[in-house]
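Structure, as structure tokens:
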Amino acid sequence: MIQIKFPDQSVREYPEGTTPIEIAKSISHGLAKKVLVADIDGVLRDATTPLNHSTSLRLLTWDDDNGKAGFWHSSAHLMAEAIQAFYPKAKFTIGPSIENGFYYDVDFGEDSFTADQIPTIEKKMDELAKQDNPFVLYPVSKAEALAYYKEKSNEYKIELIENLTDGDITFCRQGSFVDLCRGGHIPSTGYIKAVKLLNVAGAYWRGDEKNKQLTRIYGISFPQQKMLDEYLVLLKEAKKRDHRKLGQELGLFTFSNRVGKGLPLWLPKGADLRERLERFMRDAQKKAGYQQVVTPHIGSKALYETSGHWEKYGKDSFQPIHTPEEDELFMLKPMNCPHHCEIYKAEPRSYKDLPLRLAEFGTVYRYEQSGELHGLTRVRGFTQDDAHIFCTASQVKEEFVKVIDLVLHVFKSLNFHDFTAQVSLRSKENREKYIGSDENWDRAEREIQEAVAERGLTTRVVEGEAAFYGPKLDFMVKDALGRSWQLGTIQVDYNLPDRFELDYTGADNQKHRPVMIHRAPFGSMERFIAVLTEHCAGNFPVWLAPVQVAVLPISDKFNDYAKKVVELLKNNEIRTLFDDRSEKIGKKIRDSEMMKIPYMLVVGEKEEAENQVAVRQHGKGDIGVMSSDTLIKLILEQVKEMLN
RNA sequence: GCCGAUGUAGCUCAGCUGGUAGAGCACUUCCAUGGUAAGGAAGGGGUCAGGGGUUCAAGUCCCCUCAUUGGCUCCA
């Protein structure tokens with residue numbers, strides 16, 4: 001007998017060789033039907049694995065993330081089997097589960113796989129799922145494994161196997177498909193009741209662009225058809241929140257081929273919104289002791305040679321501008337820091353001046369790879385809510401904590417609760433990519449983590465994601481389609497002060513080198529507005545909404561009264577739209593609702609007689625009749641609340 | 001930059017196997033003056049992304065370029 005320990009710490013005895021599925025059956029048949037995979041001593045295994053030793057066991061169902069992972073990973077096997085039926089020569093590489101679904105990277109060799117093959121593969125998958133073939137995991141020796149894939153001339157699997165130790169290698173078979181796999185499968189293909197292949201994309205083998213590009217096929221699957229239907233509805237809903245779609249519908253921004261790709265044009269309503277956000281940030285920064293500065297959009301190439309950016313990013317920049325004068329080269333500003341360093345140098349600094357916090361809404365231009373451009377989240381010209389803090393080494397941590405507080409204040413004011421904080425450190429290898437001394441790096445990395453701990457932030461620590469001059473803390477937020485974007489960032493930099501030979505006079509009357517902190521709570525106005533738009537689905541809070549109130553007269557007869565209301569609102573600095581078109585009230589309401597205007601004032605005979613307005617709130621409907629003054633107070637209070 | 005997809009009126013999209021363009025919304029004018037998500041009629045608007053080719057004939061087929069887009073790589 002062996003002893004099995006369950007998550008609730010209870011222990012039961014079973015005969016040796018019992019499988020997790022059998023254990024589930026011993027508990028209840030309902031559970032047995034739901035169990036997908038098993039967590040055996042913390043390792044994901046097939047639920048059909050015989051247990052030969054006493055162990056801890058967690059039975060994983062669809063409700064567990066790991067249960068889903070096993071389900072989707074198994075679905076990747078099923079997809080491979082279906083693909084193999086049509087493309088016998090296809091070479092399979094890796095097929096993992098992902099956050100939502102799974103993919104398989106396939107080398108189709110001479111053949112090509114295009115999106116129109118998807119229905120065929122889906123159909124085959126359904127057919128193979130119905131056969132309810134068990135997933136059978138069995139050990140193979142390294143030699144056997146290598147021989148199997150040599151026969152198939154699959155160099156990818158061979159490469160994978162070569163990195164495995166003999167004795168630890170298992171294959172998995174379901175139906176006619178065999179795959180190198182360590183396990184974590186559902187019992188049989190019949191569990192997969194609904195499959196949807198989502199898209200086909202290119203991906204490099206092992207994520208390295210020097211390697212061969214494979215065809216990656218993404219899919220998702222569910223244990224019930226209903227769940228797939230719901231998921232597809234969800235996807236559709238998410239697409240409605242896409243900032244690119246809303247930006248066009250709400251008249252926020254546009255792009256023009258003639259102006260150039262990745263160069264957004266802000267329309268009046270978008271510019272309005274953006275300006276308001278800038279004002280909000282400016283005020284918050286003023287309170288936090290920042291000083292605004294302004295620097296030009298270009299800088300001489302020599303400036304960036306000094307900063308080191310030319311060497312590192314020269315090729316990824318808009319190329320220097322040649323002027324008539326010999327040897328005169330200017331670059332479109334790709335970042336503001338060098339300019340700010342020169343402002344620091346403009347006068348001698350004392351330790352009493354520090355920390356010196358220089359802020360600028362600085363527009364920068366970066367020649368991003370064309371394939372990278374994406375709406376407002378990845379553009380070639382954007383404005384950072386940038387600032388550089390010059391401080392003494394002993395002030396770094398305190399300043400860092402203050403910046404964290406500022407970022408958290410901004411996020412809270414805008415109802416961003418769903419973000420993750422990521423600490424980016426150097427990678428252990430490739431140390432030559434980074435500049436600066438080990439001592440400074442270690443110190444900066446330590447201080448960031450201390451600051452983060454002090455504010456109780458839960459963070460993800462990622463090695464190898466640091467900037468070349470220093471470690472950083474990034475605030476990541478997901479967009480409507482679940483893609484992660486970096487918004488706020490705080491970076492410690494010991495390097496630029498060296499390169500620009502910045503100094504200050506200390507209390508000891510000696511020259512010392514300051515430390516720089518780069519920081520941008522929004523990241524960039526463009527990206528922030530994109531994510532904010534998706535976050536609130538275009539329903540901006542009243543203080544930000546480009547139009548706060550629409551005044552809608554019932555008929556032309558009441559335009560005069562309506563106009564008085566409009567004037568009153570405008571005098572109170574409420575952004576108001578006057579819809580005096582000769583349309584029916586239903587139509588005017590519909591149009592205002594579509595524009596997501598927070599308040600609609602319906603005025604007609606009754607309202608005019610009583611000197612009132614009938615208020616309708618976006619998404620909520622009629623909220624009753626009140627005087628214009630009451631409404632104005634209501635709105636101004638909401639605005640004030642947000643700005644304090 | 002790489003692999004794939006897409007590009008028809010301001011917007012959303014039709015346009016089958018080639019026979020020189022359509023709808024709805026928006027816009028303009030007229031009628032209607034209507035009480036909480038689309039009133040009616042008439043009208044204007046398109047070098048079918050751009051260029052080249054095949055053909056008697058190209059929005060439709062082929063090639064190139066540009067842009068958008070799903071991924072990959074990248075992201076100071």
Side-chain angles (χ1 to χ4, degrees), chain A residues 103 105 108 112-116 198-218 242 244-245 248-249 251 254-262 304 307-317 333-338 364 366-375 377-380 384 386 465-470 472 474 481 483 485-486 489 491 493 495-496 518 523-524 527 552-559 581-594 600-607 614-623:
Chain A
Y103 67 78
D105 281 349
F108 282 94
S112 71
F113 184 89
T114 53
D116 40 299
L198 299 165
N199 56 54
V200 181
Y204 302 105
W205 167 238
R206 303 222 142 175
D208 187 336
E209 64 180 322
K210 289 184 198 87
N211 286 340
K212 174 151 192 199
Q213 190 153 36
L214 309 168
T215 304
R216 176 171 296 180
I217 306 169
Y218 286 91
D242 192 313
R244 292 167 296 186
K245 188 172 158 64
Q248 185 191 57
E249 285 169 5
T254 188
F255 288 90
S256 148
N257 295 351
R258 274 213 188 106
V259 172
K261 58 179 162 185
Y304 303 101
S307 70
H309 288 106
W310 170 255
E311 192 197 339
K312 193 86 185 167
Y313 293 106
K315 281 194 211 74
D316 306 319
S317 300
K333 174 164 82 175
M335 81 286 303
N336 305 297
C337 4
V364 297
R366 296 178 184 178
Y367 193 72
E368 304 286 2
Q369 291 185 33
S370 58
E372 270 317 313
L373 301 174
H374 181 97
T377 46
R378 195 79 187 269
V379 285
R380 284 181 164 174
Q384 297 176 309
D386 209 357
E465 289 286 305
F468 73 95
Y469 50 72
K472 55 180 185 168
D474 291 325
L481 295 173
R483 291 174 290 217
W485 295 96
Q486 175 210 312
T489 178
Q491 314 177 359
D493 183 356
N495 169 59
L496 275 189
H518 309 244
S524 80
R527 186 175 287 180
L552 316 175
I554 298 274
S555 84
D556 295 350
K557 282 187 254 168
F558 312 107
N559 279 359
R581 294 175 302 167
S582 301
E583 292 290 349
K584 291 173 99 166
I585 192 65
K587 167 81 165 163
K588 292 186 187 182
I589 285 172
R590 179 181 154 83
D591 289 348
S592 286
E593 288 280 1
M594 303 266 277
M600 286 150 274
L601 309 188
V602 177
V603 294
E605 197 177 354
K606 272 186 296 190
E607 289 76 18
V615 184
R616 180 188 165 100
Q617 202 173 345
H618 171 60
K620 289 205 180 115
D622 202 341
I623 60 165

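Letters A, B, ... are given to chains in the order of the sequence lines, protein chains preceding strands, and every chain is numbered from 1.
- Note on A/Gly375: only backbone sugar-phosphate atoms sit closer than 4.0 angstrom, heavy atoms only; bases stay farther off.
- Comparing B/G18 with B/U55, their C1' atoms are spaced 9 Å from each other, to the whole Å.
- Residue A/Gln248 has a polar side-chain atom (N or O) positioned under 4.0 Å from OP1 or OP2 of B/U12.
- Spacing of P atoms, B/A57 relative to B/A9, comes out at 26 Å, to the nearest Å.
- Nucleic acid contact for A/Asn199: sugar-phosphate only, since backbone atoms but no base atoms lie under 4.0 Å from a heavy atom of the residue.
- In this structure, the CD atom of A/Gln213 is 11 Å from the P atom of B/C72, given to the nearest Å.
- Between the P atoms of B/A21 and B/C48, the separation comes to 10 Å (whole Å).
- Salt-bridge annotation for A/Lys472 and A/Asp474: present, with a side-chain N of the basic residue lying under 4.0 Å from a carboxylate O of the acidic one.
- Evaluation of atom-type donor-acceptor distances gives no pair under 3.5 Å for the side chain of A/Glu368 against the base of B/G1.
- Closest to the A/Tyr469 side chain, of the nucleotides B/A76, B/G1, B/G35, is B/A76.
- Atom OH in A/Tyr304 sits 7.0 Å away from atom NZ in A/Lys333 (nearest 0.5 Å).
- Across all strands shown, A/Asn257 has heavy atoms under 4.0 Å from sugar-phosphate atoms exclusively, and none from any base.
- Regarding contacts with the backbone of B/G4, every side-chain N or O of A/Arg216 stays at 4.0 angstrom or more from both OP1 and OP2.
- Remark: C1' of B/A38 and CG of A/Leu552 are 14 Å apart, rounded to the nearest angstrom.
- Residue contacts for A/Ala467: at a heavy-atom cut-off of 4.0 Å it reaches the sugar-phosphate backbone alone, with no base atom in range.
- Using N1 to N3 plus N6-O4 or O6-N4 for Watson-Crick, or N1-O2 and O6-N3 for G-U wobble, each under 3.5 Å, B/G4 pairs with B/U69.
- Pair assignment for B/A14: none, as no Watson-Crick or G-U wobble contacts are both less than 3.5 Å.
- In this structure the side chain of A/Val200 never reaches within 4.5 angstrom of the side chain of A/Thr114, judged on heavy atoms.
- Across the strands present, B/G39 finds its partner in B/C31; the criterion is a Watson-Crick or G-U wobble pair with both atom distances under 3.5 angstrom.
- A/Gln617 comes within 4.0 angstrom of no nucleic acid atom, judged by non-hydrogen atoms across all strands.
- The side chain of A/Lys587 sits closest to B/G39 out of B/C27, B/G39, B/A37.
- When distances run from any side-chain atom of A/Ala203 to the nucleotides B/A5, B/A76, B/C72, the shortest one goes to B/C72.
- Annotation for A/His309 and A/Pro338: closest pair ND1-CG, 4.3 Å, computed over non-hydrogen atoms.
- The nucleotide whose nearest atom lies closest to any side-chain atom of A/Tyr204 is, among B/G1, B/A76, B/U33, B/G1.
- Heavy-atom minimum distance, A/Lys261 versus A/Ser370: NZ-CB, 3.2 Å.
- In terms of phosphate contacts, A/Lys472 brings a side-chain nitrogen or oxygen within less than 4.0 Å of OP1 or OP2 of B/A76.
- The base of B/G4 lies outside donor-acceptor range of the side chain of A/Tyr218, with no N or O pair under 3.5 Å.
- Summary of the strand contacts: A/Val602 and A/His309 both lie near RNA chain B, and taking for each the nucleotide with the nearest heavy atom, the more 5' one is attributed to A/Val602.
- For A/Arg378 and B/C75, a side-chain-to-base donor-acceptor distance below 3.5 Å is present, hydrogens and geometry of angles not being considered.
- Side-chain nitrogen and oxygen atoms of A/Arg244 include at least one within less than 4.0 Å of the OP1 or OP2 phosphate oxygen of B/G70.
- Using the Watson-Crick or G-U wobble rule with both distances under 3.5 Å, B/G46 pairs with nothing in any strand shown.
- Contacts of A/Lys261 with the nucleic acid, taken as non-hydrogen atoms under 4.0 Å apart, involve only primed sugar atoms and P, OP1 or OP2.
- If you check distances only, the side chain of A/Arg206 never reaches the base of B/C72 with a donor-acceptor pair under 3.5 Å.
- Taking the side chain of A/Ser582 as heavy atoms from C-beta on, and the options B/A26, B/G71, B/U33, the nearest nucleotide is B/U33.
- Look at the C1' atom in both B/A32 and B/A42: the space between them is 15 Å, to the nearest Å.
- Here B/U33 presents its P atom at 10 Å from NZ of A/Lys584, a figure rounded to the nearest Å.
- Residue A/Gly621 is classed as having no contact, given no heavy-atom separation below 4.0 Å to the nucleic acid.
- Counting any heavy atom pair closer than 4.0 Å across all strands shown, A/Asp591 reaches no nucleic acid atom.
- Mapping A/Lys588 and A/His618 onto RNA chain B by nearest heavy atom places A/Lys588 at the nucleotide closer to the 5' end.
- Across B/A37, B/G34, B/C75, the shortest atom-to-atom separation from the side chain of A/Tyr313 is found for B/C75.
- B/A26 and B/C11 are spaced 15 Å apart, taking the P atom of each and rounding to whole Å.
- Contact of A/Arg616 with B/A37 (side chain to base): a donor-acceptor pair of N or O atoms is detected under 3.5 Å.
- Closest to the side chain of A/Met335, out of B/C27, B/G34, B/A76, is B/A76.
- Residue A/His374 places no side-chain N or O under 4.0 Å from the OP1 or OP2 atom of B/C75.
- Contact annotation for A/Ile585: backbone-only contact, meaning every heavy-atom pair under 4.0 Å involves sugar-phosphate atoms and none involves a base.
- The pair A/Lys557-A/Glu605 fails the salt-bridge criterion, with no side-chain N (NZ, NE, NH1 or NH2) lying under 4.0 Å from an Asp/Glu carboxylate O.
- Taking side-chain N and O atoms only, A/Lys210 has no distance below 4.0 Å to OP1 or OP2 of B/G1.
- Comparing B/A76, B/U33, B/C72 by their nearest atom to the side chain of A/Lys557 picks out B/U33.
- At the heavy-atom level, A/Arg483 lies under 4.0 Å from the strands shown only through sugar-phosphate atoms.
- The structure places OG1 of A/Thr215 at 8.5 Å from CZ of A/Phe113, a figure rounded to the nearest 0.5 Å.
- B/U17 and B/U36 have their P atoms separated by 48 Å, with the value rounded to a whole Å.
- When the C1' atom is used for both B/C56 and B/U20, the distance is 13 Å, rounded to whole Å.
- Which of B/U68, B/A76, B/G35 sits closest to the side chain of A/Lys606 comes down to B/G35.
- Across B/A37, B/A26, B/G1, the shortest atom-to-atom separation from the side chain of A/Glu209 is found for B/G1.
- Counting any heavy atom pair closer than 4.0 Å across all strands shown, A/Gly586 reaches sugar-phosphate atoms only and no base atom.
- The residue A/Ser317 sits close to a base: some heavy atom pair falls under 4.0 Å.
- Across all strands shown, B/C56 pairs with B/G19; the Watson-Crick or G-U wobble distances both stay below 3.5 Å.
- Distance check on atom C1': B/A58 versus B/C27 gives 32 Å, rounded to whole Å.
- Taking atom CD of residue A/Glu583 and atom P of nucleotide B/A26, one finds them 8 Å apart after rounding to whole Å.
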